[in-house]
**Q** 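The structure under discussion is supplied below as structure tokens; questions concerning it will follow.
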Amino acid sequence: MAYVAVKGGERAITNAHRWLAEDRRGDVAIPEIETDQIREQLSLSVDRVMSEGSCYDRDLAALAVKQARGDLPEAIFLTRAYRTTLPRFGASLPVETGQMAVRRRISAAFKDIPGGQVLGPTFDYTHRLLDFTLAANGETSVDRALEAEEPQAYPMATIASVFAHEDLLEPDTQTDEAPAPFDLTREPMAFPAGRDQRLQALARGDEGFLLSLAYSSQRGWGSTHPLCAEIRLGEVAVEFIPDELGFAIEIGELTLTECQMISTYGGGVDTAPQFARGYGLTFGHCERKAMSMAIVDRALRDAAAGEASAPCQDEEFVLYHSDNVEASGFVQHLKLPHYVDFQADLQLIRRQRRDYAERAAAMKEAAE
Amino acid sequence: MSAVLDLADIAPAFPDPTRGSQAVFRKVMECMARPGVIHDLAFAPDAPQGLDRAAGAVALTLFDFETLIWLDPRLRGGLAEGWIRFHCGPPLTGDPMAAAFALVTDIASAPALTAFNMGDAKYPDRSTTLVIQLPSLEGGPQVVLTGPGIKTEMTLALAGLPDGFWAQVQANHEQFQFGVDFIFVAGDRVTALPRSTRITIKGD
Amino acid sequence: MTARPNEPERYYNYAYLDEQTKRMIRRAILKALAIPGYQAPFGSREMPVPYGWGTGGIQLTAAIIGPDDVYKCIDQGADDTTNAVSIRRFFAQVADVATTEETGEATIIQTRHRIPEKGLTEGQVLVFQVPQPEPLRGLEARETETRAMHAYEEYGLQYVSLYESVAAHGYIASTVGYPTMIEERYLMSPSPIPKFDNPKLGQNPAILLFGAGREKRIYAVPPYTNVRSLDFEDHPFETQTWEEDCALCGAQESYLDEVVLDDSGERMFVCSDSNFCAERRAAGHAGPMAGHQLAALDKEPA
């Protein structure tokens, strides 16, 4: 059969965009999904898009999820491309997760800890049975969760404060005097990476990639034998000091998931053996991501100590390949035309085949 | 190095900053790409006392809160400093080694070139760019330029440079990939000299 | 040439990037020009097109372009390839800029994988989209290592690799992204242009800017700069040649694309540079398959 040479053109692109819009809408007999439905009912998608999109805006993330037809890396990309155009007013004060209004807080290190184990809204102990009533009538009668008889402790003790008396856990280091933290959205990656750069890269990093790296670490590829000292989910206040005021004002509230992994550290010449920490933090409720991040953070700290051997301990490998916007773009760029490269490859391989045939013929002749 | 700005004394900058800085940058880029070529920035706004129009245009185009600026002592505390701080918002430094840009209006009393940042082996781009204001870009002793950006050779006859300056520029070139880069301005005019340019002093 | 009207409303800044980002890129361009062939890191931003699809080139163009510019964008040498159309449309919209397909008319030419056949001139800037700025990356995966190699001019690894190619094949079996030495100091990737285009890099009257968005690097070759494609005395650098001429315009010295005509091995060779080919045909040149439907495709308005 004959081929029609395909070259692009404005009309083709315009029409492709129309077709895409049609596919996004799906069957027009079905009501169009609204962004507030996505925000409220696909809230974990929204949380992931905010986290990896580095932009805390539930409505914007819901719009991105809708526009991307539920493709979360695409929604993350949309969010990032918008975020980068926003003006900067300055940096907030560090949020204080110790002051979090906790909805969920568990520790796998102690049976009970001050403030107690608070299970909160979690899939953990659900039986993974499809709930067909959700499909049947679109709704289930929801029994509201019971309210605790006593108010929860506030602020809820952090794992650091629990450990503080015995000096068993490496302390939080004071950052008040530190220079402005590294910002990957303004500066390219540099190595060796500081912890600020590493944590920012991990926080923006792809959940699936970090999950697999954390898993590989657990299976022995750079294991640190981590233990989940604490996971907490809840709301924290964001404070900002406007130049014209000179004092901090509260400008909003964030939902965050924080995870602290601990593992034993044998100590060194100047330090006694203690527990070292890996840290994970995400916008919204992204527990799998926060845990993975904490494990990888901990593994990379071994790399800084020159003990790297596994993929999860290799700073350049992890940080350069964790961003799904970068990775997705580059993998998918192979869809772009490579006619020129391919023509060069064709020429080369034809030449090599000719050389091969000549050599083979010469050898055959010599053998006869 | 920062005092309260008196906004009443601040003269305006580009009427259209987007268009203005783009137009200036293209001229400066052409200068850096073609050492010895002189461009005219007469379309730029007036600069305050102590700064020529071209010097002000370069500052408005390249300085901002991410660039540490070393200001010539002559400019410090004056209208020019206030104007730059208001329009560009750069942090200022008294340490030439720390500066991304140095704005020099009195080259005779400026520190030696080696006092500025030459970049490091892995990141030679982290070196200082000196913006040097002169009485004229013509009429001084001639030097011959060769190297990247120059088809055969160019001559430059900058006026007002102190004795020994070109020898310093030659030494700067000799240590390539290290080195500072230069943007020279006078009145409305601008030219540039990257570290890659070889300098022959006429009469050598 | 198509002039685009001013958009009455802008949701984004002129040329998309904010002014602070443009200044950051402009500063990197000046340093890149001052140190030819050196990869200057820059704070590459997320762009509204994916990484790997020209974000480095787009950021360079956005940082230099003004309403007086005439913009041309090519991919694989052609103005009508989809991504080139898409990027050209982007700048027509966000930068109110006139666009053209004529190489000689453009002040800024953004390109992926080719250098136009027609010689460039002093008023022009050629902006390359670069997927991988590091010429040594295929030989050494670590940036910390390759950066040190450039710092101390340790390029033995590259020569060993070329030598091994000669030993295995009898010649240097490298076809695109053929490594170049800039002013005998920095080893530079010319981006994945075919080595056919390498000789156009040196002593070019135009400014050559290279942008790698995902890898966050900018580098440059100023006009009239010495660019040497690496080779050995007994295995000198050579470029691609074809036995065929362009089927449409008969050109004998342009880079040719191979177009498959059916599934029984029929093929034709046509200029990869669509504007070069069209101008030749307009001037009366004809190849053995002149009038083939492929020639009509680039008449589509873009």
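None of these values were measured; they are calculated from a predicted model. Lettering follows sequence order; numbering is per chain, from 1.
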**Q** Sort C:Pro205 into side chain, backbone, both or neither according to what part of it lies under 4.5 angstrom from a heavy atom of chain B.
**A**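 Only the backbone of C:Pro205 comes within 4.5 Å of chain B.
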
**Q** Taking the six-membered ring for Trp and the full ring for Phe, Tyr or His, determine whether the centres of C:Tyr219 and C:Tyr38 are under 6.0 Å apart.
**A**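 No - the distance between ring centres of C:Tyr219 and C:Tyr38 does not fall below the 6.0 Å cut-off.
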
**Q** Any cation-pi pair here, C:Lys216 with C:Tyr51, using under 6.0 Å and within 45°?
**A**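 Geometry flag: set, cation within 6.0 Å and 45°.
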
**Q** Sort B:Ser127 into side chain, backbone, both or neither according to what part of it lies under 4.5 angstrom from a heavy atom of chain C.
**A**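 B:Ser127 touches chain C through backbone and side-chain heavy atoms alike.
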
**Q** At a heavy-atom separation under 4.5 Å, does C:Ile108 approach chain B through its side chain, its backbone, both, or neither?
**A**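 The side chain, not the backbone.
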
**Q** Under 4.5 Å from any heavy atom of chain B, what part of C:Gln20 do you find: side chain, backbone, both or neither?
**A**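 Contact with chain B involves both backbone and side-chain atoms of C:Gln20.
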
**Q** Considering only heavy atoms and a distance below 4.5 Å, find which of C:Ala34, C:Pro222, C:Ala28 pairs most often with chain B.
**A**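 So the answer, after comparing C:Ala34, C:Pro222, C:Ala28, is C:Ala34.
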
**Q** Counting heavy-atom pairs closer than 4.5 Å to chain C, which one of B:Thr197, B:Asp181, B:Thr67, B:Thr18 comes out on top?
**A**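 Most heavy-atom pairs within the cutoff with chain C belong to B:Thr18.
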
**Q** Give, as side chain, backbone, both or neither, the part of B:Ile150 having an atom under 4.5 angstrom from any heavy atom of chain C.
**A**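 B:Ile150 touches chain C through backbone heavy atoms alone.
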
**Q** Quick check for you: to the nearest 0.5 Å, what is the distance between B:Gln22 atom CD and B:Lys27 atom NZ?
**A**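 Taking CD in B:Gln22 and NZ in B:Lys27, the distance rounds to 10.0 Å.
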
**Q** Relative to chain B, which segment of C:Ile182 carries a heavy atom at a distance below 4.5 Å: side chain, backbone, both, or neither?
**A**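 Contact with chain B: none, neither part.
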
**Q** What part of C:Ala206 gets closer than 4.5 Å to chain B, counting heavy atoms only: side chain, backbone, both or neither?
**A**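 Interface part for C:Ala206: backbone (N, CA, C, O).
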
**Q** Does the distance from a Lys or Arg side-chain N to an Asp or Glu carboxylate O, for C:Lys72 and C:Glu105, drop under 4.0 Å?
**A**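 No.
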
**Q** In Å, rounded to the nearest 0.5 Å, how long is the span from CG of B:Asp106 to CD of B:Gln133?
**A**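 Rounded to the nearest 0.5 Å, the CG-CD separation comes out at 10.5 Å.
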
**Q** Please flag which part of C:Arg26 lies under 4.5 Å from any non-hydrogen atom of chain B: side chain, backbone, both or neither.
**A**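 Both backbone and side chain.
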
**Q** Under 4.5 Å from any heavy atom of chain B, what part of C:Ile29 do you find: side chain, backbone, both or neither?
**A**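 Contact with chain B is through the side chain of C:Ile29 alone.
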
**Q** Report the C-alpha distance between B:Glu81 and B:Arg85 in whole Å, list the side-chain angles of each, state the deciding distance to 0.1 Å, and finish with yes or no for salt bridge (Lys or Arg N to Asp or Glu O under 4.0 Å).
**A** CA-CA 6 Å; B:Glu81 181 192 313; B:Arg85 280 176 55 204; 3.4 Å; yes

**Q** With rounding to the nearest 0.5 Å, note down the distance linking CD1 in C:Ile74 to OG1 in C:Thr103.
**A**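 C:Ile74 CD1 to C:Thr103 OG1: 6.5 Å, rounded to 0.5 Å.
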
**Q** Examine C:Tyr178 together with C:Phe237 and report whether their ring centres are nearer than 6.0 Å.
**A**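 Yes, they do, as the ring centres are separated by less than 6.0 Å.
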
**Q** Taking side chain as everything from C-beta outward and backbone as N, CA, C, O, which of these in C:Gln39 sits under 4.5 Å from a heavy atom of chain B? Side chain, backbone, both or neither.
**A**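 Contact with chain B: none, neither part.
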
**Q** If we define contacts as heavy-atom pairs under 4.5 Å, which of C:Val221, C:Asn226, C:Ile65 has the most with chain B?
**A**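 Option with the greatest count: C:Ile65.
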
**Q** Does the ring centre of C:Tyr155 sit less than 6.0 Å away from the ring centre of C:His150?
**A**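 Yes.
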
**Q** Pick whichever of C:Val125, C:Thr225, C:Ile35 has the most heavy-atom pairs under 4.5 Å with chain B.
**A**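 Ranked by heavy-atom pairs under 4.5 Å with chain B, first place is C:Ile35.
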
**Q** Counting heavy-atom pairs closer than 4.5 Å to chain C, which one of B:Ala33, B:Gly119, B:Gly179, B:Ala23 comes out on top?
**A**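 The candidate making the most pairs under 4.5 Å is B:Ala33.
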
**Q** Please rank B:Gly147, B:Pro124, B:Pro194 by heavy-atom pairs under 4.5 Å with chain C and give me the top one.
**A**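 Of the candidates given, the most pairs with chain C belong to B:Pro124.
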
**Q** Report the option among C:Arg27, C:Glu122, C:Glu153, C:Glu19 that has the most heavy-atom pairs separated by less than 4.5 Å from atoms of chain B.
**A**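 Among C:Arg27, C:Glu122, C:Glu153, C:Glu19, the one with the most close pairs to chain B is C:Arg27.
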
**Q** With only heavy atoms counted, which part of C:Leu209 is less than 4.5 Å from chain B, the side chain, the backbone, both or neither?
**A**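 Only the side chain of C:Leu209 comes within 4.5 Å of chain B.
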
**Q** Less than 4.0 Å between a side-chain N and a carboxylate O, is that true for B:Arg189 and B:Glu138?
**A**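 Judged by the 4.0 Å cut-off on N to carboxylate O distance, B:Glu138 and B:Arg189 do form a salt bridge.
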
**Q** Considering only heavy atoms, which portion of C:Ala63 lies under 4.5 Å from any heavy atom of chain B: side chain, backbone, both, or neither?
**A**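 Answer is backbone: N, CA, C or O of C:Ala63 sit under 4.5 Å from chain B.
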
**Q** Taking C:Glu46 first and then C:Arg214, would you say they form a salt bridge - that is, a charged N and a carboxylate O separated by under 4.0 Å?
**A**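 Result for this pair is no, no salt bridge flagged.
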
**Q** Answer with side chain, backbone, both or neither: which region of C:Asp18 has an atom nearer than 4.5 Å to a non-hydrogen atom of chain B?
**A**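 The answer is neither part of C:Asp18.
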
**Q** Could you give me the CA-CA distance, side-chain angles and deciding distance for C:Glu102 and C:Lys118, then say whether salt bridge (Lys or Arg N to Asp or Glu O under 4.0 Å) is met?
**A** CA-CA 10 Å; C:Glu102 286 181 34; C:Lys118 182 187 266 183; over 6 Å; no

**Q** In plain terms, say whether C:Glu184 and C:Arg228 are close enough for a salt bridge, that is, a side-chain N and a carboxylate O under 4.0 Å apart.
**A**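 Here C:Glu184 pairs with C:Arg228 in a salt bridge, since their nearest N and O are under 4.0 Å apart.
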
**Q** For B:Tyr123, is it the side chain, the backbone, both, or neither that has a heavy atom closer than 4.5 Å to a heavy atom of chain C?
**A**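 Contact with chain C is through both the backbone and side chain of B:Tyr123.
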
**Q** Just so I understand: if I count every heavy-atom pair under 4.5 Å between each of B:Arg26, B:Arg195, B:Glu66 and chain C, which residue has the most?
**A**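 The option with the most such pairs is B:Arg26.
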
